[in-house]
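Note that ligands are numbered from 1 as they come in the structure, with each ligand's atoms numbered from 1 the same way.
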Amino acid sequence: MSSPISYLLAVFLSLFFNFHGSKANFPASPNCPITSCSINGLEFHYPFWKMEDSAADHYCGYPGFGINCSDPGEPILGLPNNDSFYVRDIDFTLSTITLVDTDVVDQKCPRATHSMSVGALPLDYSPLDVNLSFHFHCSFYVDPPVTPITCLGSYGTEKSYVFKEGDEPEGFDWSEDCEENVVVTVKETEITRSIAINELSRAFGVAMNKGFVLNWTMAKECVSCETNGGFCGYNNTAREVLCFCKDGHGSIGTPSNGLCNKGTRFLTLILCYPL
Ligand SMILES: *[C@@H]1O[C@H](CO)[C@@H](O)[C@H](O)[C@H]1NC(C)=O
Ligand SMILES: *[C@@H]1O[C@H](CO)[C@@H](O)[C@H](O)[C@H]1NC(C)=O
Ligand SMILES: *[C@@H]1O[C@H](CO)[C@@H](O)[C@H](O)[C@H]1NC(C)=O
Ligand SMILES: *[C@@H]1O[C@H](CO)[C@@H](O)[C@H](O)[C@H]1NC(C)=O
Ligand SMILES: *[C@@H]1O[C@H](CO)[C@@H](O)[C@H](O)[C@H]1NC(C)=O
């Protein structure tokens, strides 16, 4: 089973069936409905799911892709590190999601506090993004020849700076001479608009309020379910992946009952192998 050929076959099959939960017809099943947080609000569906609507012990969707509708009208996605993001757009054709940090919304001069992380979730930064590097409270012997951020107020003689990641002037030890270094992802289109480096120190707030784009890929634990036409979910009580089968009988597969895999055990065996 561990031969290169079976590995290649597995990769090929997963690419072939790789619909990222996007091109299936919706509503797929009563378990995996099209929903939204409010009337006229952003509509979403699998692999995202609405926390408020899900059953107490299970949901249909990817772990970590639950959308919280408790803030009236605005869908919120929580990411690892306790970060909360407003979901501004989801493109189910491109498998992209546009997020804005709830901490920066409507702030002209947001203070980035920590770098975000997608953890182990099947999310990737989109090529539409760039990173901003913030360097807070720097004390250099000779200040770099760029405009510091002034809107955050003064902090003694220490200054703060922001650059497109990698555009920092050379000859300065940013990590050593600044108290805090934080990376924030924004859309590239928001940055190219303020090409001049000295403009970024004023324009970063607007860019951060436009958010950034992530794309999602098929969750590893859902490959066998989705390649069998099912929709993946999770049982909070049993702490196991579920599969809402495409068999028309509402069957729910689990790793042990293999319900959604009838007739395709061979495929599943290969696909579950070391991907
Ligand atoms: C949804 O967000 C609210 C407010 O941020 C929070 O109190 C609540 O615990 C969240 N719900 C879930 C299921 O995470
Ligand atoms: C997230 O928040 C919870 C409760 O507020 C806290 O116990 C936990 O340490 C926080 N985790 C991180 C990574 O900040
Ligand atoms: C997501 O973006 C990465 C680049 O950041 C790209 O390699 C990958 O193919 C994209 N995935 C999808 C599903 O578009
Ligand atoms: C931005 O930073 C994240 C994590 O810090 C990294 O994974 C990503 O590749 C970076 N994006 C770019 C365009 O450099
Ligand atoms: C989830 O697991 C519990 C405990 O094993 C079980 O009783 C329940 O029926 C399961 N729910 C679903 C939807 O599979």
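Between the side chains of His58 and Asn235, not a single donor N or O lies within less than 3.5 Å of an accepting N or O. For the residue pair Asp71/Tyr86, the side-chain donor-acceptor check at 3.5 Å is satisfied.
In terms of protein heavy-atom proximity, atom 1 (C) of ligand 4 is closest to Asn131 ND2, 1.5 Å.
For NZ of Lys246, the number of neighbouring non-hydrogen atoms (other residues, nucleotides, ligands) closer than 6.0 Å is 12 at most.
If you look at Tyr46 and Tyr62, their ring centroids are closer than 6.0 Å. For Phe136 and Tyr155, the gap between ring centers reaches or exceeds 6.0 Å.
Between Cys232 and Cys243 the SG-SG gap reaches or exceeds 2.5 angstrom.
Of the listed options Thr102, Asn68, Asp71, Ile76, Asn68 places a heavy atom closest to atom 2 (O) of ligand 1.
Each of the atoms 1 (C), 2 (O), 3 (C), 4 (C) of ligand 1 lies under 4.0 Å from some heavy atom of Ser70.
Protein heavy atoms are found less than 4.0 angstrom from atom 14 (O) of ligand 1. Distance screen at 4.0 Å: atom 9 (O) of ligand 4 has no protein heavy-atom neighbour inside the cut-off.
Residue Thr237 places no N or O, backbone or side chain, under 3.5 Å from any N or O of ligand 5. The shortest N or O to N or O distance between His58 and ligand 5 is not under 3.5 Å.
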